[in-house]
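Heads up: the structure comes next, in structure tokens.
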Amino acid sequence: MLQDKIKQYTQEIEQFAPGSAADVEAFRLKFLVSKGIVKSLFEEFKTVSVEEKRVLGKVLNEFKQLAEDRFQEAQVEFQQSSGDLERKEGDLTLPGEGIELGSRHPLSLVRKEIVEIFKKLGFVVSEGPEIEDDWHNFSALNFPPEHPARDMQDTFFIKKQEGNDIALRTHTSSVQVRMMEMGKPPFRAIMPGRVYRNEAISSRAHCFFHQVEGLYVDENVSFADLKQTLFHFVQELYGEGTKVRFRPSYFPFTEPSAEMDISCTICKGTGCNLCKGSGWVEILGCGMVDPNVLENCSIDSKKYSGFAFGMGIERVTNLKYEIKDLRLFSENDTRFLSQFETEII
Ligand code: PHE
């Protein structure tokens with residue numbers, strides 16, 4: 001009788017306790033395939049009387065559901081214990097693999113720091129193009145026509161054109177010119193950016209590096225303002241008590257010009273390898289904007305004066321983190337880069 005068979009198989013299914021994947025598969029083959037028991041009971045169902053159908057229809061459907069549910073349960077249960085699931089979907093009970101966070105490039109960190117210090121003094125940030133013409137990179141900055149800095153050995157020329165060659169800028173002083181040409185004094189800006197020079201790459205030189213230019217033009221700006229501004233900057237960046245000294249120097253676009261040294265950040269002035277025993281390290285060039293430069297930018301040099309300075313970000317960074325090889329900055333070696341501050345944005 002159909003009813004008895006259903007009862008018997010229901011019992012069998014309820015007692016089913018698989019010990020391996022093979023048991024689960026045997027269950028499937030016995031009950032659920034097209035020649036299996038469930039199907040055969042449905043075949044038999046077709047032959048019973050209408051009264052019996054009324055009663056058994058529901059019972060049979062429940063039986064079918066039971067067989068399917070039990071099979072699925074057994075499948076999951078078995079796969080979990082055998083490690084099958086692990087291979088297919090990963091072990092969901094393991095802790096997740098964290099995503100490695102990137103870190104800021106040391107040059108970006110230092111640039112940001114420099115910018116923040118000058119922002120507090122009211123300097124705005126300005127930028128200019130890396131591909132420049134001769135006028136902005138040299139002529140307007142008072143470089144004489146035969147100045148060696150214009151030479152092929154220093155400058156990457158892109159296009160020769162009569163009186164105004166196109167080149168990769170060799171310094172950020174070109175941005176000073178662009179600023180002054182476009183606006184009216186007062187100007188108080190810093191200009192960070194990448195610059196290019198045709199140099200053989202070594203631990204101490206690279207064909208590109210980064211500078212931050214500073215410019216302050218107003219009425220009655222003096223060398224004392226320049227000294228005080230840079231002194232304050234150095235205290236902020238390298239800590240209170242860092243000494244500064246100015247040595248006379250020459251730049252075509254500043255008069256007078258100076259180079260600024262700070263007391264060695266490593267030995268604090270007593271003499272070490274970094275400062276070659278002198279106790280001082282050079283960090284920037286500066287001076288009073290040459291009146292010719294102001295006039296080239298249509299600024300009245302009788303009314304206005306200003307100071308400018310320019311520093312290499314690599315140099316400032318090397319001093320801060322004691323990095324001895326410039327090439328590390330552009331090699332993208334994560335063993336180097338991951339040593340710097342990680343920022344969670
Ligand atoms: N442009 C100079 C350099 O590249 C630095 C500098 C900027 C010097 C401004 C004086 C004033 O070396």
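Just follow the structure's listing: the first ligand is 1, and inside any ligand the first atom is 1. Source: prediction; values computed, not measured.
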Considering only non-hydrogen protein atoms, determine which one is nearest to atom 9 (C) of ligand 1 and report residue, atom name and distance to 0.1 Å.
->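 For atom 9 (C) of ligand 1, the nearest protein heavy atom comes out as E213 OE2, 3.3 Å.
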
Quick one: nearest non-hydrogen protein atom to atom 2 (C) of ligand 1, plus distance?
->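 For atom 2 (C) of ligand 1, the nearest protein heavy atom is F253 CZ, 3.7 Å.
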
Is the centre of the F253 ring less than 6.0 Å from the centre of the H171 ring?
->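 Centroid distance F253-H171: below 6.0 Å, so yes.
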
Identify, by atom number and element, the atoms of ligand 1 in contact range of [X], meaning under 4.0 Å from any of its heavy atoms.
{"X": "Q211", "result": "3 (C), 4 (O)"}
{"X": "C286", "result": "8 (C), 10 (C), 11 (C)"}
{"X": "S173", "result": "1 (N), 7 (C)"}
{"X": "F309", "result": "7 (C), 9 (C), 11 (C)"}

Using only heavy-atom distances, determine whether the side chains of [X] and [Y] contain a donor-acceptor pair under 3.5 Å.
{"X": "D290", "Y": "T254", "answer": "no"}
{"X": "H136", "Y": "E181", "answer": "yes"}
{"X": "N318", "Y": "E322", "answer": "no"}
{"X": "E199", "Y": "H206", "answer": "no"}
{"X": "S139", "Y": "R150", "answer": "yes"}

May I ask you to establish whether K7 and Y9 are in a cation-pi arrangement, using a distance under 6.0 Å from NZ or CZ to the six-membered ring centre and at most 45° from the ring axis?
->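 No - K7 does not lie over the ring of Y9 by the 6.0 Å and 45° rule.
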
Is there a nitrogen or oxygen of Q176 sitting under 3.5 Å from a nitrogen or oxygen of ligand 1?
->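 Min N/O separation from ligand 1 is not below 3.5 Å for Q176.
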
If you measure every N/O of T254 against every N/O of ligand 1, is any gap under 3.5 Å?
->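 Such a contact does not occur with ligand 1.
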
Looking only at heavy atoms, is any part of S257 under 4.0 Å from ligand 1, and if so is it the side chain, the backbone, or both, or is it neither?
->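 Under 4.0 Å from ligand 1, S257 contributes no heavy atoms.
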
Following the transitive rule for hydrophobic clusters with a side-chain heavy-atom cut-off under 4.5 Å over Ile, Leu, Val, Met, Phe, Trp and Tyr, establish whether I117 and L215 coincide in one cluster.
->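 Looking at the clustering, L215 is in a separate group from I117.
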
Measure the distances from the heavy atoms of R197 to every atom of ligand 1 and state whether one is below 4.0 angstrom.
->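 For ligand 1, residue contact (heavy atoms, under 4.0 Å) with R197 is present.
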
Taking the non-hydrogen atoms of M311, is any one of them nearer than 4.0 angstrom to ligand 1?
->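 No.
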
